[in-house]
Amino acid sequence: MDEKYFPKKIEQKWQAKWADAKVFEVQIDDERPKFYQLEMLPYPSGNLHMGHVRNYSVGDAVAWYKRLKGFNVLHPIGWDSFGQPAEDAAVKRKVNPRDWTEENIKAMRGQLQRLGLSYDWSREIAAHRPEYYKFDQWFFLKMYDKGLAYKKMTQVNWCETDQATLSNEQASGGLCWRCGNPVTKRDLEQWFFKTTAYADELLDGLNTIEAGWPANVLKRQRDWIGRSEGALVDFEVRVPGKTGSLKPEDRRKVRVFTTRIDTIFGANAIVLAAEHPLIEEFGGGFSAEVHAKIEEILREKAKPADHEAEVEKDGIDTGLKAVNPFSGEELPVWVGNYVMMEYGTGAVMSVPAHDERDFEFAKKFGLPIRQVISEPHLAHEHHTMQALALEDPYTESGVLVHSDYWNGKTSEAAKQEMTHHAHLHGFGEAATTYKLRDWGISRQRFWGSPIPIVYCDTCGTVPVHFDDLPVELPENAPITGTGESPLSKVSEFVETECPKCGGPGRRETDTMDTFVDSSWYFFRYTDPANEILPFSPDLAAYWTPVDQYIGGDDHAVMHLIYTRFWTKVMRDLGLVKFGEPVTRLLTQGMVVGETFFDDETGKRIYAAPGEVTVERDAKGKIVSARSADGKALKFAIERMSKSKGNGVDPDEMVEIYGADAARLFVLFAAPVENELVWNEAGIEGAVRFLQRIWRFVHRWRDSFAKAASGSEQSEVARKLRRKTHQTIRRIDQSLDTLQFNTPVAALMELCNALYDSGIEPENASADEAAAVQEGVTSLVLMLTPFAPHTAEELYSVLIGNENGMLANGALFPEFSEELAADDEIEVVIQVNGKLRSKFAAKPGEDRSKLEAAALADPKAQEFIAGKEVVKVVVVPDKLVNIVVKG
RNA sequence: GCACGCGUGGCCAAAUCGGCAAAGGCGCCGGUCUUAGAAACCGGAUAUUGAAGGUUCGAAUCCUUCCGCGUGCACCA
């Protein structure tokens, strides 16, 4: 042990020792409970950023904590190595995506290793390697067999900037999830996975994992699935001019979805989406004005959505009529810009009195507003009054009025009975709709897993045989970045034999969405070399489900819905026995920093913070910023990244401060779920703290020999032991509940207590030396999750060998309730809620004694003197509050 | 607009069930050491817990309103 703390030296030393002894490589062990600690796998961009450091530091802390708690911990890592940036690099820099990716992986693996993260590197996987994506294809074929993978012509979300197809999740809010630019629509034939087949399960399954998942993720998933229960109702459509009964083949119906069938007597119109098929069908009879309006609505819809402004309701009466099947009333059929073709049936019944949107629409166009639901206590009044001027729509449940036979029924009862009635008479049925759509997985990309399908002129769409997997990507393809599938230009790839008839066939040239790779990767870690199956069900049965998953909450809907879907499919394939892959989820906040930019050109051009002159107010907030050439810049706090110039390079930090200090600081600086605003100064405090422990151990290293416990303990020794055991209790609880900042503070306090105890190696008695030894050993062990290299080194000094904690069977310290207990408690005396005095009492002293002691207290008596004691509140072990009057 | 969350010293933050006017770190100030500084060590200051009301013997903690900030959803019938 050096006298001084040289982080680099000990970090290299222990990283080598860990690697040589393969201490983090794990196998099935039925003797110990297992723990699967997982962090979201990185995209190999080539550079680790602070967000990664945070994510992986947290995961590593949990992994170490669980190891020291006696668990058999699986802690793997891999690479989400398919995806667009590799193609961008190919276009921009003329490099081969494969080479580029492999180099990046190499660089980032080195960065992770320098951070000393305790991964089982023998299980490392990479999505772009054929031995991995073979099983993307394997799963595709299994889903194809089960009817869960299908192809259809569809309008896809298309990002003009990225030249890419996006799934609904990736195009959420009309903006591209990657670049933030508006999404447009395009017609393409696409492959889909039937996520909707599991819609109910995806929703209901959330209840079973509720305890371990953040509330906001659960909420967002529920919103995204968006189940709503209601009814479908058919309205017969009449064409004006044609009277009398139509021939059956001329009869048309418009079907609406409603969650409020109980309001149907209040319907004043049917409103269609502009894309509704009925419009096409009857369009010939529409006036020019109607056509113009429909065109206008469609045009507006195609425009990028401005989310700030609320779109004003617009529409027009088509002239068609529809018959309310309940009342027989003839209603006008409108087209409205607020009705979406993608949801429900693309047609709604407009009930302005009980729906805000319909209300707004009716107000604008002067449509009648009829109240048919009333608050129960007003039902009679409302029923007798003919016209009611509603100020606002009444959207709650209530009692039906003006609804014929159904008058007086509650909304709940009416919904059931009316749905039943519609069903009985053949014009409706109960129905459930979802916002969740099937998952479009086709991408017109090169750098992804090929979809294992062959098109044959005779046999049609033919799946590749399982034995012929993987369908390997060619070495390279002409990547133009213009949105066509690069593979379609590689004839060796495209031209093949039909797996069925042996005749000429053409391969599917689209590749799969990269979210496919990440939907099942953590199962692969359990059996990474399996060539027959994605993984052995037996191995997966031991390790999975994941006990703790950690990642950014930007994946709350996409990745985490896909992987839950995938798990349910795997369950139905017999690979696993459960439907929820992740028991506990932790979403960490972003690491952000100040950015400075110029957006005059419409695009943000970032300036390096070092070259910016910043003016700050008293609170440190930025007031103004100027670039080196004196130009005023805009500023913001944004996610750290290299391109924005506010990134801190992890390698540099490790070089200057050491990996342990960097990790310790990142964990200490803020609660994990919070945003972390980067400030450079704090990390020095982390180094100082590590040095402080280091020096303490160094000072004491030769003096533990005289330690002997069991002897009579001095007051200082007992006090120190109490602090030690209280700290163990605190840290244990914190780590169990995934708090990392508070245990670091507790470790600092314990360290301070060791220094403050006044016990010196030269004159310590045997019991005092023993107390110090216990304190410092506990401190070092508990430091491990935060600063493992330093902890290992110090532990080796304390224990006298360099085999490492795990080989020595080291365990997280156990606290003793008895030693942690205070032997004397300070009880507070309040008079009328104000602190007036204190006295010492035994823990657990009974109320009457505490009360008597408080009343007898001389200082308290000063405040009670001459007044009437109204009552005395005693909180055992805490305080006595004397309430007086006068 | 709707829903949810947050607001504690200059900054980041802690405080089971309401219970000692409030931990720890950064920063700041002073001292020791040093030629000086840095580091280290020792010591110190700094909080009507966003505002106003309410409940209570007692409120950072519970309730109401307001202000500020953040996140999610955004015409989902």
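Just so we're on the same page: letters track the sequence lines, and every chain starts at 1.
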Phosphate contact ([N] OP1 or OP2) by [X] side-chain N/O below 4.0 Å:
X	N	answer
A:N674	B:rA13	yes
A:T742	B:rG24	no
A:N881	B:rU56	no

Task: P atoms of B:rG7 and B:rC17, separation to the nearest Å - done: 15 Å
TODO: Identify whether any heavy atom of A:D358 sits under 4.0 Å from a base atom; if not, whether one sits that close to sugar-phosphate; answer base, sugar-phosphate or nothing.
DONE: nothing
Open item on the list: Using ring centroids (six-membered ring only for Trp), state whether A:F668 and A:F786 fall under 6.0 Å.
Closed with: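 No, the ring centres sit 6.0 Å or more apart.
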- [ ] Look at the aromatic rings of A:F365 and A:W334 and report parallel, tilted or perpendicular, splitting at 30° and 60°.
- [x]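 Rings of A:F365 and A:W334: tilted, 30 to 60°.
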- [ ] For the residue pair A:I225 and A:K435, establish whether any side-chain heavy-atom pair is separated by less than 4.5 Å.
- [x] no
Task: A:S228-A:Y434 side chain donor-acceptor pair, cut-off 3.5 Å - done: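 A:S228 vs A:Y434: no donor-acceptor pair found between side chains.
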For nucleotides 38-48 of chain B, tabulate all protein N/O to nucleotide N/O atom pairs closer than 3.5 Å, reporting atom names and distance.
unit_1 : atom_1 : unit_2 : atom_2 : d
B:rA40 : OP1    : A:R688 : NE     : 2.9
B:rA40 : O3'    : A:R695 : NH2    : 2.6
B:rC41 : OP1    : A:R692 : NH1    : 3.2
B:rC41 : OP1    : A:R695 : NH2    : 2.3

Open item on the list: Check A:E749 with A:K723, please: is the shortest side-chain N to carboxylate O separation under 4.0 Å?
Closed with: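 Salt bridge flag = yes for A:E749 with A:K723.
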Open item on the list: For Watson-Crick and G-U wobble pairs within 3.5 Å on both distances, what is RNA chain B written in dot-bracket notation, | included for inter-strand pairing?
Closed with: (((((((..(((......[....))).(((((.......))))).....(((((..]....))))))))))))....
Task: A:V873, nearest nucleotide to its side chain (from B:rA77, B:rG19, B:rG72) - done: B:rG19
Task: Candidate nucleotides B:rC57, B:rC73, B:rA23, ranked by approach to the side chain of A:E749 - the nearest - done: B:rA23
Open item on the list: Check for me whether A:K313 meets the cation-pi criterion with A:F361, that is, NZ or CZ under 6.0 Å from the six-membered ring centre and within 45 degrees of the ring axis.
Closed with: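 No.
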